[in-house]
Amino acid sequence: MDTDLAAKPILRAAATYFALVFGTGFVLGAVRVPLLVPRLGERLAELLEMPLMALAMVLAARLVVRRQLAGRGPLTRAAVGALALALMVAAELGVGLLLRQLPLREILIGRDPVSGAVYLALLLLYALLPLLLGRGSTTTAVP
């Protein structure tokens with residue numbers, strides 16, 4: 001049972017996890033949009049980027065679990081994943097609305113059906129990784 005649901009460690013770990021993954025996505029997007037999309041199209045460019053994002057998610061979650069969540073229980077790790085997901089969705093909406101100046105409808109339902117489905121699966125994985133990678137680590141850090 002997880003009795004250490006203190007807000008500060010959860011906020012810090014979620015913010016770190018979010019910043020690492022969002023930062024990676026921002027850099028990859030800066031390459032994908034001008035270089036790959038015109039040559040390969042939106043769908044293929046996004047699909048080619050997704051394995052790199054999955055790797056960034058695993059590495060970031062592993063780092064956060066090892067350094068900030070060592071010894072924490074599953075509830076804390078699940079809370080970190082949920083909060084990081086909320087931050088990611090808010091950031092995605094912010095980028096779409098403010099930087100790309102897209103209408104909300106376009107952001108929410110305007111994705112390619114194939115890459116959009118993979119994107120949603122990656123968001124689910126993103127939320128679950130702190131929990132999954134920390135299994136068995138309630139008393140020691142992940143090796």
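Here, residue 1 is the first one in the sequence, and each next residue gets the next number.
- Both Val95 and Val89 are part of a single hydrophobic cluster, where members link through side-chain heavy atoms under 4.5 Å apart.
- Contact between Leu97 and Pro103 at its shortest, heavy atoms only, is CD2-C, 4.4 Å.
- Leu133 and Val58 get closest at one heavy-atom pair: CD1-O, 3.7 Å.
- Smallest separation of non-hydrogen atoms from Phe18 and Leu87: CE1-O, 3.6 Å.
- Note that the CG atom of Leu122 and the CG atom of Leu129 stand 9.5 Å from one another [nearest 0.5 Å].
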Full working for side chain to side chain contact (heavy atoms under 4.5 Å, CB included) between Glu42 and Asp112 | CA-CA 8 Å; Glu42 188 85 23; Asp112 175 81; 5.5 Å; no
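- The two residues Pro9 and Arg72 come nearest to each other via the heavy atoms CG-NH2, 3.5 Å.
- Tracing side-chain contacts under 4.5 Å through hydrophobic residues (I, L, V, M, F, W, Y), one reaches Leu28 starting from Tyr119; they form part of the same cluster.
- The CG atom of Leu69 sits 11.0 Å away from the OH atom of Tyr17 when rounded to the nearest 0.5 Å.
- In this structure Leu47 satisfies the side chain to side chain contact (heavy atoms under 4.5 Å, CB included) test together with Arg43, Met50, Val114, Ser115, Val118, sequence neighbours excluded.
- Atom CG of Leu125 and atom CG of Leu120 lie 12.5 Å apart (nearest 0.5 Å).
- The CD1 atom of Ile109 lies 12.5 Å from the CZ atom of Arg111; values are rounded to the nearest 0.5 Å.
- The two residues Ala91 and Phe22 make their nearest non-hydrogen contact at CB-CE1, 3.6 Å.
- The cluster map of Ile, Leu, Val, Met, Phe, Trp and Tyr, joined by side-chain heavy atoms under 4.5 Å apart, puts Leu52 and Leu36 in different clusters.
- The hydrophobic clustering, which links ILVMFWY residues whose side-chain heavy atoms are closer than 4.5 Å, places Leu131 and Ile10 apart.
- In terms of heavy-atom proximity, Gly29 sits nearest to Pro34 at O-CD, 4.0 Å.
- Taking CD1 from Ile107 and CZ from Arg100, the interatomic distance works out to 8.0 Å, rounded to the nearest 0.5 Å.
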Take Thr16 and Leu20, measure what side chain to side chain contact (heavy atoms under 4.5 Å, CB included) needs, and give me the verdict at the end.
-> CA-CA 6 Å; Thr16 302; Leu20 290 169; 4.0 Å; yes
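- Each of Leu123, Leu128, Leu124 was compared with Leu85 under the side chain to side chain contact (heavy atoms under 4.5 Å, CB included) criterion, and only Leu123 meets it.
- Residue Arg67 qualifies as open at atom CZ: its count of foreign heavy atoms under 6.0 Å is 12 or below.
- One finds the CG atom of Leu35 at 11.0 Å from the CZ atom of Arg32 (value rounded to the nearest 0.5 Å).
- Under the 4.5 Å side-chain heavy-atom criterion for ILVMFWY residues, a single connected hydrophobic cluster contains both Leu93 and Tyr126.
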